[in-house]
Amino acid sequence: MPGLSRRGVDIKLITGDSRRVAEHVAREVGLGTTRVLTGAQLHQLSDEALWHQAERAELFVEVDPTQKERIILALKKQGHVVGFLGDGVNDAPAMHAADASLCVQQAADVAREAADFVLLERHLDVVRRGIDEGRRTFANTLKYILTTTSANLGNMVSMAAASLFLPFLPLLAGQILLNNFLSDIPAVGLAGDSVDPELMDRPRRWNMRLIARFMVAFGLLSAVFDFLTFGALPSLPT
């Protein structure tokens, strides 16, 4: 549990069991038990009220399958990416509503069919390792996108501009393709590149403005060096 909380992941217990049973289980696994919502209380809440209550509550007890789904939808409405771990038939509606649904291998057939991921080990550390791997993959994918888009923009600008002023073609079509192919070979290493801890401590989202700024800034910088190279080519001995 602490490993997940340090990564910005909140864990909530949603169960149809009685309040006392749920609170006992929560204390055993290290979850908070101070903010509890029961199925009867949920029944009295409007959807708008539940949006705010769902964020603060730690335990949801004595709830039915429809209420489980309402809780997941309320959390998503507040902008959260929601994962749901279930193993029974009653969990299927909530699993379909969640962004990512998980179940253990021994779960009911309906739960396994609804799950996006089936855990072969009955331990939350599997979830923690999966989150780490997902964030590492996201960070390295972003590195590749930033590198490739900026390099391609720089090449496009320099080649288009150079073709207007130079009395020769700087690169033939085959040479451009070869250059792109060779530049992608070192990019393969990004898949296993190390990731800074600050990129792993909380969830990240796509930031298209960051990608656009990086692409333009480094793309134009790359084009400047291309122009310097093109300017030096006529003075080279043939």
Side-chain angles (χ1 to χ4, degrees), residues 1-15 22 26 29-32 35-37 42 45-61 63 65-88 90-104 107 110-146 191 193 195-212:
M1 297 296 181
L4 290 174
S5 62
R6 286 196 299 269
R7 287 162 177 78
V9 179
D10 291 331
I11 299 179
K12 301 178 184 293
L13 178 61
I14 306 174
T15 179
V29 298
L31 289 178
R35 295 184 292 272
V36 183
L37 276 179
L42 282 171
L45 294 176
S46 64
D47 288 338
E48 291 78 7
L50 181 57
W51 296 346
H52 303 286
Q53 292 291 335
E55 278 191 309
R56 293 193 290 267
E58 297 165 322
L59 300 181
F60 300 88
V61 300
V63 296
T66 303
Q67 290 174 329
K68 291 181 180 181
E69 183 181 20
R70 283 189 66 201
I71 295 166
I72 299 300
L73 294 175
L75 291 170
K76 291 176 65 175
K77 188 69 176 180
Q78 291 297 93
H80 298 287
V81 176
V82 184
F84 185 85
L85 174 60
D87 62 357
N90 293 338
D91 295 321
M95 296 175 75
H96 284 294
D99 293 298
S101 55
L102 308 92
C103 74
V104 294
V110 174
R112 288 202 304 272
E113 289 293 329
D116 298 308
F117 305 96
V118 178
L119 306 182
L120 301 183
E121 300 178 32
R122 297 173 63 92
H123 200 288
L124 282 180
D125 191 59
V126 178
V127 179
R128 193 269 307 165
R129 296 200 305 267
I131 291 173
D132 286 349
E133 188 61 33
R135 292 181 183 180
R136 189 177 298 109
T137 300
F138 179 87
N140 286 335
T141 300
L142 184 60
K143 291 178 188 177
Y144 176 79
I145 291 175
L146 293 174
D193 193 23
V195 177
D196 295 334
E198 56 266 25
L199 296 177
M200 301 280 291
D201 60 358
R202 61 184 177 86
R204 305 282 170 171
R205 297 178 183 268
W206 288 110
N207 188 338
M208 298 307 298
R209 291 184 178 180
L210 170 65
I211 295 175

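- By the 4.5 Å heavy-atom criterion applied to side chains, R204 and R135 are not counted as neighbours.
- For the pair A107 and G86, the tightest heavy-atom approach, listed with the atom from each and the gap, is CB-O, 4.5 Å.
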Determine, stepwise, if the pair L142 / I211 fulfils side-chain contact (heavy atoms from CB on, under 4.5 Å).
-> CA-CA 9 Å; L142 184 60; I211 295 175; 4.0 Å; yes

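- Qualifying ring pair (Phe, Tyr, Trp, His ring centres under 6.0 Å) partners for W51, counting only residues two or more places apart in sequence or in other chains: none.
- Under a 4.0 Å N-O distance rule, the pair R128/D125 qualifies as a salt bridge.
- Between the side chain of K12 and the main chain of A57, a donor-acceptor pair closer than 3.5 Å is present.
- To the nearest 0.5 Å, the span separating CZ on R70 from CD1 on I14 amounts to 12.5 Å.
- The distance from the CE atom of M200 to the CZ atom of F138 is 12.5 Å, given to the nearest 0.5 Å.
- Between the CG atom in N90 and the NZ atom in K68 there is a gap of 5.5 Å [rounded to 0.5 Å].
- Applying the side chain to side chain donor-acceptor pair (under 3.5 Å) criterion to H80, with sequence neighbours excluded, gives E55.
- Between C103 and M95 the shortest heavy-atom distance is CB-CE, 4.0 Å.
- Between N140 and A191, the shortest heavy-atom contact is ND2-O, 3.4 Å.
- Residues passing the salt bridge (charged side-chain N to carboxylate O under 4.0 Å, His left out) test with E58 are R35, sequence neighbours excluded.
- Looking at R129 and D132, their side chains never come closer than 4.5 Å, going by heavy atoms from C-beta outward.
- Looking at L85 and L119, their side chains come closer than 4.5 Å, going by heavy atoms from C-beta outward.
- A distance of 13.0 Å separates NE2 of H96 from CD1 of I72, quoted to the nearest 0.5 Å.
- The heavy-atom pair separating S101 from A115 by the smallest distance is OG-CA, 3.3 Å.
- Taking the side chain as every heavy atom from C-beta outward, I145 and W206 approach each other to under 4.5 Å.
- Within 6.0 Å of CD on E113 lie no more than 12 heavy atoms contributed by other residues, nucleotides or ligands.
- Of the residues listed (I71, L75, D91, D116), the one engaging F84 in a side chain to side chain contact (heavy atoms under 4.5 Å, CB included) is D91, and it is the only one.
- Rounding to the nearest 0.5 angstrom, the gap separating the CD atom in Q67 from the CG atom in L50 is 9.0 Å.
- Summarising the geometry of A22 relative to T15, their closest heavy-atom pair is CB-CG2, 3.8 Å, with the distance given to 0.1 Å.
- Here the CG atom belonging to L13 is positioned 9.5 Å from the CZ atom belonging to F60, to the nearest 0.5 angstrom.
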